[in-house]
Amino acid sequence: MQTQTHAPAPTGTAPQLPQVTLPRNPGMPLDLDWVARAQANTSAIERRCATLPGRRSVKKAYQAAWLAKAITLIDLTTLSGDDTPGRVRRLCAKGRQPLRTDLNTALGLPPLTTGAICVYHEMVATAVDALQGTGIPVAAVSTGFPAGLSPFHTRIAEIEASVAAGAAEIDIVISRRHVLTGDWQALYDEMCAYRAACGDAHVKAILATGELGSLRNVARASLVCMMAGADFIKTSTGKEPVNATLPVTLVMLRAIRDYADRTGYKVGYKPAGGISKAKDALVYMAMIRDELGPRWVQPDLFRFGASSLLNDIERQLEHHVTGRYSASHRHPMG
(Lines give C-alpha, C1' and ligand atoms only; values in the text may rest on other atoms or scores of the structure.)
Protein backbone atom coordinates (compact mmCIF):
# COMPACT_ATOMS: atom_id res chain seq x y z
CA MET A 1 0.00 0.00 0.00
CA GLN A 2 1.09 3.61 -0.59
CA THR A 3 1.64 6.15 2.14
CA GLN A 4 1.20 9.85 1.46
CA THR A 5 0.03 13.11 2.95
CA HIS A 6 -3.00 14.94 1.67
CA ALA A 7 -2.48 18.10 -0.34
CA PRO A 8 -4.41 21.27 0.57
CA ALA A 9 -7.50 22.41 -1.28
CA PRO A 10 -6.86 24.02 -4.69
CA THR A 11 -5.05 27.34 -4.51
CA GLY A 12 -2.84 29.27 -6.86
CA THR A 13 0.23 28.77 -4.70
CA ALA A 14 0.71 25.00 -4.96
CA PRO A 15 3.52 23.61 -7.15
CA GLN A 16 2.56 24.37 -10.71
CA LEU A 17 4.27 21.66 -12.72
CA PRO A 18 3.24 18.01 -12.56
CA GLN A 19 5.14 16.70 -9.56
CA VAL A 20 4.86 12.94 -9.99
CA THR A 21 5.79 11.48 -6.62
CA LEU A 22 3.40 8.54 -6.39
CA PRO A 23 4.30 5.02 -7.51
CA ARG A 24 3.01 4.25 -10.98
CA ASN A 25 0.11 1.87 -11.30
CA PRO A 26 1.81 -1.44 -12.23
CA GLY A 27 -1.45 -3.10 -13.17
CA MET A 28 -2.64 -6.49 -12.04
CA PRO A 29 -3.94 -9.75 -13.52
CA LEU A 30 -7.30 -9.39 -15.25
CA ASP A 31 -10.07 -10.08 -12.73
CA LEU A 32 -13.14 -10.91 -14.79
CA ASP A 33 -15.29 -11.44 -11.69
CA TRP A 34 -14.58 -7.88 -10.58
CA VAL A 35 -15.33 -6.60 -14.08
CA ALA A 36 -18.63 -8.50 -14.24
CA ARG A 37 -19.73 -7.08 -10.89
CA ALA A 38 -19.29 -3.49 -12.08
CA GLN A 39 -22.71 -1.91 -12.59
CA ALA A 40 -24.08 1.60 -13.08
CA ASN A 41 -27.42 2.91 -11.82
CA THR A 42 -28.07 5.46 -14.53
CA SER A 43 -30.98 7.29 -12.89
CA ALA A 44 -29.13 7.64 -9.57
CA ILE A 45 -25.99 8.82 -11.33
CA GLU A 46 -27.91 11.44 -13.28
CA ARG A 47 -29.65 12.71 -10.13
CA ARG A 48 -26.33 13.05 -8.32
CA CYS A 49 -24.80 14.96 -11.23
CA ALA A 50 -27.79 17.26 -11.65
CA THR A 51 -27.50 18.55 -8.09
CA LEU A 52 -23.74 19.08 -8.00
CA PRO A 53 -23.43 22.53 -9.67
CA GLY A 54 -25.83 24.12 -7.18
CA ARG A 55 -24.27 22.47 -4.12
CA ARG A 56 -20.63 23.10 -4.90
CA SER A 57 -20.28 26.73 -5.95
CA VAL A 58 -17.37 28.98 -5.02
CA LYS A 59 -17.30 32.77 -5.21
CA LYS A 60 -14.94 35.72 -5.30
CA ALA A 61 -11.40 35.04 -4.05
CA TYR A 62 -12.10 31.34 -3.61
CA GLN A 63 -13.27 31.09 -7.19
CA ALA A 64 -10.17 32.91 -8.42
CA ALA A 65 -7.97 30.49 -6.48
CA TRP A 66 -9.72 27.46 -7.94
CA LEU A 67 -9.49 28.89 -11.46
CA ALA A 68 -5.78 29.53 -11.02
CA LYS A 69 -5.41 25.91 -9.98
CA ALA A 70 -7.45 24.84 -13.02
CA ILE A 71 -4.88 26.48 -15.30
CA THR A 72 -2.21 24.13 -13.95
CA LEU A 73 -4.44 21.13 -14.74
CA ILE A 74 -4.92 21.85 -18.45
CA ASP A 75 -3.39 19.72 -21.18
CA LEU A 76 -3.25 22.59 -23.67
CA THR A 77 -4.08 20.89 -26.93
CA THR A 78 -3.95 21.36 -30.67
CA LEU A 79 -5.05 18.41 -32.80
CA SER A 80 -5.91 19.97 -36.14
CA GLY A 81 -5.05 18.84 -39.62
CA ASP A 82 -3.60 22.29 -40.35
CA ASP A 83 -1.23 22.38 -37.36
CA THR A 84 2.10 23.97 -38.18
CA PRO A 85 5.37 24.27 -36.21
CA GLY A 86 4.61 27.96 -35.72
CA ARG A 87 1.19 27.24 -34.23
CA VAL A 88 2.64 24.64 -31.90
CA ARG A 89 5.40 27.00 -30.75
CA ARG A 90 2.80 29.67 -29.99
CA LEU A 91 0.78 27.11 -28.04
CA CYS A 92 3.89 26.18 -26.07
CA ALA A 93 4.53 29.85 -25.33
CA LYS A 94 0.98 30.10 -23.99
CA GLY A 95 1.58 26.98 -21.89
CA ARG A 96 4.71 28.53 -20.43
CA GLN A 97 2.86 31.74 -19.53
CA PRO A 98 -0.88 31.01 -19.62
CA LEU A 99 -1.91 34.09 -17.64
CA ARG A 100 -1.05 37.66 -18.55
CA THR A 101 1.69 39.13 -16.37
CA ASP A 102 -0.49 41.98 -15.08
CA LEU A 103 -3.20 39.55 -13.95
CA ASN A 104 -0.67 37.20 -12.42
CA THR A 105 0.81 40.09 -10.41
CA ALA A 106 -2.58 41.51 -9.39
CA LEU A 107 -3.67 38.10 -8.10
CA GLY A 108 -0.44 37.65 -6.16
CA LEU A 109 0.31 34.33 -7.84
CA PRO A 110 3.64 32.66 -8.53
CA PRO A 111 4.37 31.95 -12.20
CA LEU A 112 1.88 29.43 -13.57
CA THR A 113 2.16 26.90 -16.37
CA THR A 114 -0.30 24.48 -17.88
CA GLY A 115 -0.06 20.79 -17.03
CA ALA A 116 1.16 19.67 -20.48
CA ILE A 117 1.09 20.41 -24.19
CA CYS A 118 -0.77 17.78 -26.25
CA VAL A 119 -0.07 17.34 -29.97
CA TYR A 120 0.07 14.80 -32.78
CA HIS A 121 3.28 12.80 -33.23
CA GLU A 122 4.47 15.02 -36.10
CA MET A 123 4.65 17.99 -33.73
CA VAL A 124 6.26 16.26 -30.74
CA ALA A 125 9.82 17.29 -31.58
CA THR A 126 8.76 20.90 -32.15
CA ALA A 127 6.95 21.02 -28.81
CA VAL A 128 9.81 19.35 -26.94
CA ASP A 129 12.22 21.92 -28.34
CA ALA A 130 9.93 24.83 -27.48
CA LEU A 131 9.50 23.61 -23.89
CA GLN A 132 13.15 22.89 -23.08
CA GLY A 133 14.01 23.76 -19.50
CA THR A 134 10.40 24.36 -18.43
CA GLY A 135 9.55 20.94 -17.00
CA ILE A 136 6.26 21.00 -18.93
CA PRO A 137 5.71 17.54 -20.44
CA VAL A 138 4.70 16.92 -24.03
CA ALA A 139 1.80 14.52 -24.51
CA ALA A 140 1.28 12.80 -27.86
CA VAL A 141 -1.98 11.29 -29.07
CA SER A 142 -1.28 7.88 -30.52
CA THR A 143 -2.50 4.44 -31.67
CA GLY A 144 -4.38 5.65 -34.71
CA PHE A 145 -6.06 8.55 -32.91
CA PRO A 146 -9.00 9.17 -32.93
CA ALA A 147 -10.52 5.93 -34.27
CA GLY A 148 -7.80 3.50 -33.16
CA LEU A 149 -8.35 1.34 -36.23
CA SER A 150 -4.90 1.34 -37.83
CA PRO A 151 -2.96 -1.97 -37.92
CA PHE A 152 -1.87 -3.02 -34.45
CA HIS A 153 1.86 -3.04 -35.26
CA THR A 154 1.48 0.50 -36.59
CA ARG A 155 -0.16 1.64 -33.36
CA ILE A 156 2.70 0.18 -31.30
CA ALA A 157 5.31 1.74 -33.60
CA GLU A 158 3.58 5.12 -33.28
CA ILE A 159 3.86 4.99 -29.50
CA GLU A 160 7.53 4.05 -29.67
CA ALA A 161 8.26 6.83 -32.18
CA SER A 162 6.58 9.48 -30.00
CA VAL A 163 8.48 8.34 -26.91
CA ALA A 164 11.74 8.41 -28.87
CA ALA A 165 10.91 11.97 -30.00
CA GLY A 166 10.60 13.08 -26.39
CA ALA A 167 6.94 12.67 -25.45
CA ALA A 168 6.64 12.07 -21.70
CA GLU A 169 2.96 11.14 -21.90
CA ILE A 170 1.06 9.11 -24.49
CA ASP A 171 -2.70 9.40 -24.94
CA ILE A 172 -3.79 6.10 -26.53
CA VAL A 173 -7.24 5.15 -27.83
CA ILE A 174 -8.72 1.77 -27.05
CA SER A 175 -10.50 -0.45 -29.58
CA ARG A 176 -14.15 0.25 -28.82
CA ARG A 177 -15.25 -3.03 -30.38
CA HIS A 178 -13.66 -4.94 -27.49
CA VAL A 179 -15.96 -3.13 -25.07
CA LEU A 180 -19.05 -3.38 -27.25
CA THR A 181 -18.59 -7.14 -27.67
CA GLY A 182 -17.55 -7.72 -24.05
CA ASP A 183 -14.12 -9.08 -25.05
CA TRP A 184 -12.38 -7.90 -21.89
CA GLN A 185 -9.37 -10.16 -22.39
CA ALA A 186 -8.68 -8.55 -25.77
CA LEU A 187 -8.97 -5.06 -24.26
CA TYR A 188 -6.67 -6.04 -21.39
CA ASP A 189 -4.05 -7.51 -23.72
CA GLU A 190 -4.19 -4.45 -25.98
CA MET A 191 -3.76 -2.07 -23.06
CA CYS A 192 -0.88 -4.13 -21.64
CA ALA A 193 0.90 -3.90 -25.01
CA TYR A 194 0.41 -0.13 -25.11
CA ARG A 195 1.74 0.25 -21.58
CA ALA A 196 4.83 -1.81 -22.43
CA ALA A 197 5.48 0.26 -25.57
CA CYS A 198 5.29 3.48 -23.53
CA GLY A 199 8.14 2.43 -21.24
CA ASP A 200 8.77 5.26 -18.78
CA ALA A 201 6.26 7.56 -20.49
CA HIS A 202 2.94 7.74 -18.70
CA VAL A 203 -0.03 6.37 -20.60
CA LYS A 204 -3.52 7.87 -20.68
CA ALA A 205 -6.19 5.44 -21.89
CA ILE A 206 -8.89 7.19 -23.92
CA LEU A 207 -12.12 5.23 -23.58
CA ALA A 208 -14.17 7.25 -26.12
CA THR A 209 -17.07 6.96 -23.68
CA GLY A 210 -19.59 8.46 -26.11
CA GLU A 211 -19.21 5.34 -28.26
CA LEU A 212 -19.32 2.66 -25.54
CA GLY A 213 -23.10 2.30 -25.39
CA SER A 214 -23.76 2.43 -21.64
CA LEU A 215 -22.43 3.68 -18.33
CA ARG A 216 -21.93 0.07 -17.27
CA ASN A 217 -19.56 -0.41 -20.20
CA VAL A 218 -17.73 2.75 -19.14
CA ALA A 219 -17.27 1.33 -15.62
CA ARG A 220 -16.01 -2.00 -16.90
CA ALA A 221 -13.68 -0.54 -19.51
CA SER A 222 -12.23 1.78 -16.84
CA LEU A 223 -11.44 -1.15 -14.56
CA VAL A 224 -9.88 -3.24 -17.33
CA CYS A 225 -7.61 -0.41 -18.48
CA MET A 226 -6.45 0.22 -14.92
CA MET A 227 -5.83 -3.50 -14.40
CA ALA A 228 -3.63 -3.37 -17.51
CA GLY A 229 -1.52 -0.53 -16.08
CA ALA A 230 -3.06 2.73 -17.30
CA ASP A 231 -1.66 5.78 -15.46
CA PHE A 232 -4.74 7.84 -16.40
CA ILE A 233 -8.14 7.03 -17.79
CA LYS A 234 -9.58 9.66 -20.12
CA THR A 235 -13.11 10.18 -21.38
CA SER A 236 -12.81 11.10 -25.01
CA THR A 237 -10.76 12.02 -28.03
CA GLY A 238 -12.80 15.19 -28.43
CA LYS A 239 -13.86 13.91 -31.86
CA GLU A 240 -16.90 11.87 -30.79
CA PRO A 241 -20.47 13.24 -30.97
CA VAL A 242 -20.64 13.07 -27.14
CA ASN A 243 -17.49 13.72 -25.14
CA ALA A 244 -16.95 14.42 -21.42
CA THR A 245 -20.11 14.50 -19.31
CA LEU A 246 -20.70 14.57 -15.57
CA PRO A 247 -22.42 11.14 -15.46
CA VAL A 248 -19.51 9.51 -17.28
CA THR A 249 -17.11 11.35 -14.98
CA LEU A 250 -18.86 10.08 -11.87
CA VAL A 251 -18.71 6.48 -13.13
CA MET A 252 -15.02 6.74 -13.98
CA LEU A 253 -14.12 8.42 -10.69
CA ARG A 254 -15.85 5.70 -8.70
CA ALA A 255 -13.99 3.07 -10.72
CA ILE A 256 -10.75 4.87 -9.84
CA ARG A 257 -11.74 4.95 -6.17
CA ASP A 258 -12.63 1.27 -6.21
CA TYR A 259 -9.31 0.42 -7.85
CA ALA A 260 -7.35 2.54 -5.34
CA ASP A 261 -9.18 0.92 -2.42
CA ARG A 262 -8.48 -2.55 -3.79
CA THR A 263 -4.85 -2.12 -4.92
CA GLY A 264 -3.50 0.95 -3.15
CA TYR A 265 -2.55 2.61 -6.45
CA LYS A 266 -3.87 5.99 -7.52
CA VAL A 267 -4.83 6.39 -11.18
CA GLY A 268 -5.39 9.79 -12.76
CA TYR A 269 -8.45 11.11 -14.58
CA LYS A 270 -8.74 13.32 -17.66
CA PRO A 271 -12.06 14.64 -18.98
CA ALA A 272 -11.69 15.86 -22.55
CA GLY A 273 -13.91 17.38 -25.19
CA GLY A 274 -16.55 20.05 -24.67
CA ILE A 275 -15.15 21.63 -21.49
CA SER A 276 -14.71 25.23 -22.60
CA LYS A 277 -16.17 27.31 -19.76
CA ALA A 278 -14.55 28.18 -16.45
CA LYS A 279 -17.74 27.35 -14.55
CA ASP A 280 -17.68 23.83 -16.00
CA ALA A 281 -14.08 23.34 -14.89
CA LEU A 282 -15.09 24.29 -11.35
CA VAL A 283 -17.84 21.66 -11.35
CA TYR A 284 -15.45 18.94 -12.50
CA MET A 285 -12.88 19.94 -9.88
CA ALA A 286 -15.55 19.90 -7.16
CA MET A 287 -16.71 16.44 -8.22
CA ILE A 288 -13.24 14.92 -8.22
CA ARG A 289 -12.50 16.47 -4.83
CA ASP A 290 -15.79 15.15 -3.42
CA GLU A 291 -15.33 11.65 -4.83
CA LEU A 292 -11.58 11.10 -4.49
CA GLY A 293 -10.26 13.75 -2.12
CA PRO A 294 -8.04 16.84 -2.47
CA ARG A 295 -4.92 14.86 -3.47
CA TRP A 296 -6.49 14.18 -6.85
CA VAL A 297 -6.81 17.89 -7.65
CA GLN A 298 -3.17 18.02 -8.71
CA PRO A 299 -1.69 17.75 -12.21
CA ASP A 300 -0.15 14.31 -11.64
CA LEU A 301 -3.66 12.90 -11.09
CA PHE A 302 -6.07 15.22 -12.91
CA ARG A 303 -5.98 16.99 -16.27
CA PHE A 304 -8.43 18.79 -18.50
CA GLY A 305 -8.08 17.99 -22.19
CA ALA A 306 -8.88 21.43 -23.55
CA SER A 307 -7.83 24.34 -25.69
CA SER A 308 -10.48 27.08 -25.43
CA LEU A 309 -10.98 26.55 -21.66
CA LEU A 310 -7.91 28.62 -20.87
CA ASN A 311 -9.37 31.63 -22.71
CA ASP A 312 -12.48 31.68 -20.54
CA ILE A 313 -10.54 31.16 -17.31
CA GLU A 314 -8.31 34.11 -18.15
CA ARG A 315 -11.36 36.25 -18.91
CA GLN A 316 -12.96 35.31 -15.58
CA LEU A 317 -9.77 36.15 -13.69
CA GLU A 318 -9.57 39.51 -15.47
CA HIS A 319 -13.13 40.21 -14.37
CA HIS A 320 -12.17 39.30 -10.79
CA VAL A 321 -9.28 41.80 -10.91
CA THR A 322 -10.86 44.66 -12.86
CA GLY A 323 -14.62 44.14 -12.58
CA ARG A 324 -14.88 44.02 -16.37
CA TYR A 325 -14.97 41.26 -18.98
CA SER A 326 -12.57 41.67 -21.87
CA ALA A 327 -13.07 40.53 -25.45
CA SER A 328 -11.87 37.01 -26.13
CA HIS A 329 -9.35 38.26 -28.72
CA ARG A 330 -7.37 39.76 -25.82
CA HIS A 331 -6.50 36.20 -24.77
CA PRO A 332 -5.23 34.60 -27.99
CA MET A 333 -4.24 30.97 -28.13
CA GLY A 334 -1.99 31.37 -31.17
Do the side chains of Met285 and Phe304 get nearer than 4.5 Å, heavy atoms only?
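SC-SC contact between Phe304 and Met285 confirmed.
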
In the structure I gave you, are the side-chain heavy atoms of Val141 and Cys118 within less than 4.5 Å of one another anywhere?
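A side-chain contact under 4.5 Å exists here.
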
Under a 3.5 Å distance rule, please check whether [X] uses its side chain to pair with a backbone N or O of [Y] as donor and acceptor.
{"X": "Glu158", "Y": "Gly144", "result": "yes"}
{"X": "Asn104", "Y": "Pro110", "result": "yes"}
{"X": "Arg176", "Y": "Ile174", "result": "yes"}
{"X": "Asn25", "Y": "Val267", "result": "no"}
{"X": "Thr51", "Y": "Arg48", "result": "yes"}
{"X": "Ser80", "Y": "Asp82", "result": "no"}
{"X": "Thr134", "Y": "Ile136", "result": "yes"}
{"X": "Ser175", "Y": "His178", "result": "no"}
{"X": "Thr77", "Y": "Asp75", "result": "yes"}
{"X": "Glu314", "Y": "Arg100", "result": "yes"}

Distance-only side-chain donor-acceptor flag, Asn41 / Ser43, under 3.5 Å:
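A donor-acceptor contact under 3.5 Å links the two side chains.
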
Any salt bridge linking [X] with [Y]? Criterion: basic side-chain nitrogen under 4.0 Å from a carboxylate oxygen.
{"X": "Arg24", "Y": "Asp231", "result": "yes"}
{"X": "Asp183", "Y": "Arg177", "result": "no"}
{"X": "Arg257", "Y": "Glu291", "result": "yes"}
{"X": "Arg303", "Y": "Glu169", "result": "yes"}
{"X": "Arg195", "Y": "Glu190", "result": "no"}
{"X": "Asp312", "Y": "Lys279", "result": "no"}

Working to the nearest 0.5 angstrom, can you tell me the gap between [X] [atom1] and [Y] [atom2]?
{"X": "Ser150", "Y": "Phe145", "atom1": "OG", "atom2": "CZ", "answer": "12.5 Å"}
{"X": "Asp83", "Y": "Tyr120", "atom1": "CG", "atom2": "OH", "answer": "8.0 Å"}
{"X": "Leu301", "Y": "Lys270", "atom1": "CG", "atom2": "NZ", "answer": "14.0 Å"}
{"X": "Lys234", "Y": "Ile206", "atom1": "NZ", "atom2": "CD1", "answer": "3.5 Å"}
{"X": "Cys49", "Y": "Leu246", "atom1": "SG", "atom2": "CG", "answer": "5.0 Å"}
{"X": "Leu250", "Y": "Ile45", "atom1": "CG", "atom2": "CD1", "answer": "6.0 Å"}

Residue that, paired with Ile74, satisfies side chain to side chain contact (heavy atoms under 4.5 Å, CB included) out of Ile313, Ile117, Thr113
Ile313

List the residues meeting salt bridge (charged side-chain N to carboxylate O under 4.0 Å, His left out) with Arg220, not counting sequence neighbours, and say none if there are none.
none

Quick one: closest heavy-atom pair of Pro85 and Thr126, and the distance?
O-CG2, 3.8 Å

Heavy-atom nearest pair, Gly213 first then Leu180, reads N-CD2, 4.3 Å

Contacts of Thr143 meeting side chain to side chain donor-acceptor pair (under 3.5 Å) (sequence neighbours excluded), chain-then-number -> none

Do other residues, nucleotides or ligands put more than 12 heavy atoms under 6.0 Å from the CD atom of Gln39?
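Enclosed.
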
Using 30° and 60° as the class boundaries, would you call the ring planes of Phe302 and Tyr269 parallel, tilted or perpendicular?
parallel

